[in-house]
Amino acid sequence: MSSPHIEQVETQEKPAYDHVELGNEKAVTWDQVRAEADRDEQWQHSLSIWQSLKIYKAAAGWSILGSFCIIMEAYDTLLLGSLFALPAFKEHFGDYSAKSGWQISAAWQAGLQQGANIGSFFGIIMGAFMVDKMGYKKTILANLVLMCPLIALVTFAPNKGALLAGEILCGMPWGVFSTLAEAYASEVCPLSLRGYLTTFVNLCWVMGHLVGAGILRQATNMTGIWSFRMPFMVQWAWPVPIFLAFLFAPESPWWLVRKNKLDKAERSVSRLAPAQEKDRVKDTISTMIRTNELEKDVSAGTSWIDCFRGTDLRRTEISVITWTCQIMCGLQFANYSTYFFQQAGLATTNSFNMTIGLYAAAFVGTVFSWFLLTWFGRRQIFVTGLFCLAVGQLLIGALSVVADHGSNGARWAQAGLMIVWLFIYDMSVGPLAYTIVGETSSTRLRNKTVALSRMSYNVFSVCFGVLMPYMLNPTAWGWAGKIGFFWGPICFLCFLWAYFRLPEMKGRSYYEIDIMFERKIPARKFKSTVVERDADEQTRAQHGVGAH
């Protein structure tokens with residue numbers, strides 16, 4: 001049966017853009033598309049959170065399911081950094097030193113920890129091409145299938161070289177998930193739920209870390225090679241159930257609109273909001289059409305180089321630096337939490353217990369960020385969070401100096417302050433980065449902009465990840481908590497950039513965001529800017545493009 005939107009017949013004289021083709025069927029007038037899009041904009045802005053949840057509960061469910069793919073990557077990120085503190089792992093893969101017992105050298109720690117990040121870099125590029133050709137759904141399903149045999153490589157690795165190879169290969173599908181989960185969430189959820197469902201991606205990171213910390217705590221009671229093989233094998237618990245559930249997921253309607261598959265886009269919107277009236281489905285598609293047409297008219301294209309042209313350059317800058325701030329504020333510190341606690345002087349069991357507490361605080365922090373999103377804008381939360389994180393790093397460094405003079409209380413204070421630090425991170429910079437990146441990119445360049453942002457994140461993650469073992473390892477630099485003096489000033493520079501360059505996009509539709517970037521609105525004026533109903537036609541006129 002033909003879509004009700006497709007059956008609308010053109011009845012007016014055609015302006016410069018004579019009509020909008022809808023698939024292989026009939027066309028509607030541009031004035032009709034704009035009227036429907038205006039109606040949808042007003043309706044979306046009028047919805048409360050609870051109204052949106054009632055209407056879009058299916059969209060929320062599919063968004064959450066797609067985000068679950070991130071749990072696997074987060075689990076592995078914590079896994080290796082913590083296994084370096086597990087005696088059986090160190091004995092199997094490490095070397096004996098009379099000074100410090102069994103240890104894996106700083107060089108191999110760096111290589112093993114960053115293997116997945118290196119593979120992820122290539123996976124991000126692969127994912128961007130796959131989404132362009134196949135869409136979100138098929139790309140996610142294909143990489144879930146790929147994960148299963150790759151997990152076996154790391155589980156049964158006989159030596160450090162095989163483990164490194166397995167980590168690099170596993171990193172490729174993880175790289176795909178790291179960009180697709182957020183992009184899919186930002187495209188299937190409505191305006192009023194966008195911030196909450198994109199920050200849920202960060203909660204999946206925390207859940208992966210929390211599950212990993214609990215599994216590793218149990219592994220400390222085991223002996224032999226299965227004490228570290230068992231944590232690797234747990235990764236098989238994720239791909240199969242997610243794959244079976246995602247077989248029934250709808251494709252992103254934004255992707256279908258970009259591919260001019262508007263009849264399928266309408267069916268997708270109907271599945272994402274089954275409680276929505278049929279006319280509302282039509283209006284939603286018109287909003288997507290108008291936004292897509294505006295970006296086609298005022299942008300050069302959809303290639304990688306277009307991310308660095310015109311106003312898209314500013315959008316790429318914001319997306320890239322925002323995601324990179326997650327690393328630059330000192331997150332690598334937390335990835336080595338168990339090892340750090342051990343080097344700070346805590347017993348192995350207490351170190352794993354503190355890590356569980358660390359990620360429990362991170363979980364609570366992410367949930368708390370949802371309340372902050374309701375009360376405050378993205379910019380205010382992100383900027384304030386960076387400032388607090390910079391101060392926290394300097395305090396950790398100061399406590400480390402006190403601990404070096406024999407204060408056992410200072411050692412525990414370092415551990416406690418690190419928990420507070422991660423709590424602040426996960427109610428500000430951690431979750432908000434996903435929302436900001438998902439909102440900032442233009443819809444036609446979203447996959448590539450998110451990919452570039454994640455690649456930047458991975459590059460800095462690898463660079464500083466290579467340095468972290470040297471900073472913490474007692475056989476290398478042995479900085480321990482004094483590493484806070486390194487991260488504190490870098491985090492403060494991130495704060496300065498965010499204060500001057502990060503715009504506020506709370507409550508803005510993608511259409512409004514497009515208009516404000518095209519008008520080059522200063523970052524601190526985004527919140528107060530009013531976007532007129534005919535703003536797209538004004539923007540086209542400024543670019544010398546004929547009005548619709």
Side-chain angles (χ1 to χ4, degrees), residues 62-74 76-77 116-144 146-147 170-189 194 197-205 208 239 242 246 249 251-252 254-255 258 302-304 306-307 312 315-327 331 430-462 510:
W62 291 119
S63 172
I64 289 170
L65 179 64
S67 299
F68 278 160
C69 297
I70 295 295
I71 293 177
M72 292 180 289
E73 183 182 6
D76 185 80
T77 300
N117 279 331
I118 294 169
S120 180
F121 185 89
F122 296 103
I124 290 168
I125 300 173
M126 178 179 74
F129 283 108
M130 290 179 72
V131 169
D132 277 345
K133 298 295 183 183
M134 302 165 53
Y136 290 93
K137 178 178 178 178
K138 291 181 180 178
T139 301
I140 290 174
L141 291 174
N143 282 276
L144 285 170
L146 180 61
M147 275 303 308
C170 281
M172 295 182 71
W174 286 331
V176 175
F177 299 141
S178 69
T179 57
L180 261 63
E182 177 204 4
Y184 183 76
S186 68
E187 294 201 354
V188 300
C189 59
R194 194 171 64 205
L197 292 175
T198 49
T199 56
F200 183 81
V201 178
N202 186 78
L203 190 64
C204 290
W205 267 92
I242 295 176
F246 214 76
E251 182 55 81
S252 161
W254 284 93
W255 183 85
R258 290 193 291 270
T302 57
S303 66
W304 290 92
D306 289 316
C307 294
D312 283 309
R315 302 174 83 150
T316 301
E317 174 213 330
I318 293 169
S319 298
V320 167
I321 298 181
T322 295
W323 221 338
T324 305
C325 281
Q326 286 189 326
I327 294 296
L331 182 60
L432 267 294
Y434 291 95
T435 300
I436 293 168
V437 172
E439 292 177 333
T440 302
S441 55
S442 63
T443 61
R444 290 175 61 78
L445 285 171
R446 175 162 293 133
N447 293 332
K448 294 180 176 64
T449 305
V450 173
L452 287 169
S453 304
R454 194 66 188 183
M455 282 191 283
S456 174
Y457 172 97
N458 282 359
V459 166
F460 281 94
S461 180
V462 169
Y510 292 131

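- For the pair Trp255 (side chain) and Val131 (backbone), a donor-acceptor distance under 3.5 Å is present.
- Residues Val201 and Glu182 share a closest heavy-atom pair of CG2-CA, 4.1 Å.
- Applying the 6.0 Å contact sphere to CZ of Phe122 captures no more than 12 heavy atoms from other residues, nucleotides or ligands.
- A distance below 6.0 Å separates the ring centres of Tyr510 and Trp254.
- Take Arg454 and apply the side chain to side chain donor-acceptor pair (under 3.5 Å) test, not counting sequence neighbours, and it matches no residue.
- The minimum heavy-atom distance linking Ser453 with Val320 is given by the pair OG-N, 3.4 Å.
- Ion pairing between a basic and an acidic side chain is recognised when a charged N comes within 4.0 Å of a carboxylate O; Asp132 and Lys448 show such pairing.
- At least one donor-acceptor pair closer than 3.5 Å links the side chain of Asp306 to the backbone N or O of Ser303.
- Between Glu439 and Ser186, the closest side-chain pair of non-hydrogen atoms is not below 4.5 Å.
- Within the 4.5 Å cutoff, side-chain heavy atoms of Leu452 are placed close to those of Thr316.
- No side-chain heavy atom of Ile436 sits under 4.5 Å from any side-chain heavy atom of Trp323.
- Residues satisfying the salt bridge (charged side-chain N to carboxylate O under 4.0 Å, His left out) test with Arg258, not counting sequence neighbours, are Glu187.
- Formation of a donor-acceptor pair under 3.5 Å by the Ser178 side chain with backbone atoms of Gly175 is found in this model.
- Under the ring-ring contact (aromatic ring centres under 6.0 Å, His included) criterion, Phe121 pairs with no residue, sequence neighbours left out.
- Residues Thr139 and Leu180 are in side-chain contact: their nearest non-hydrogen atoms beyond the backbone lie under 4.5 Å apart.
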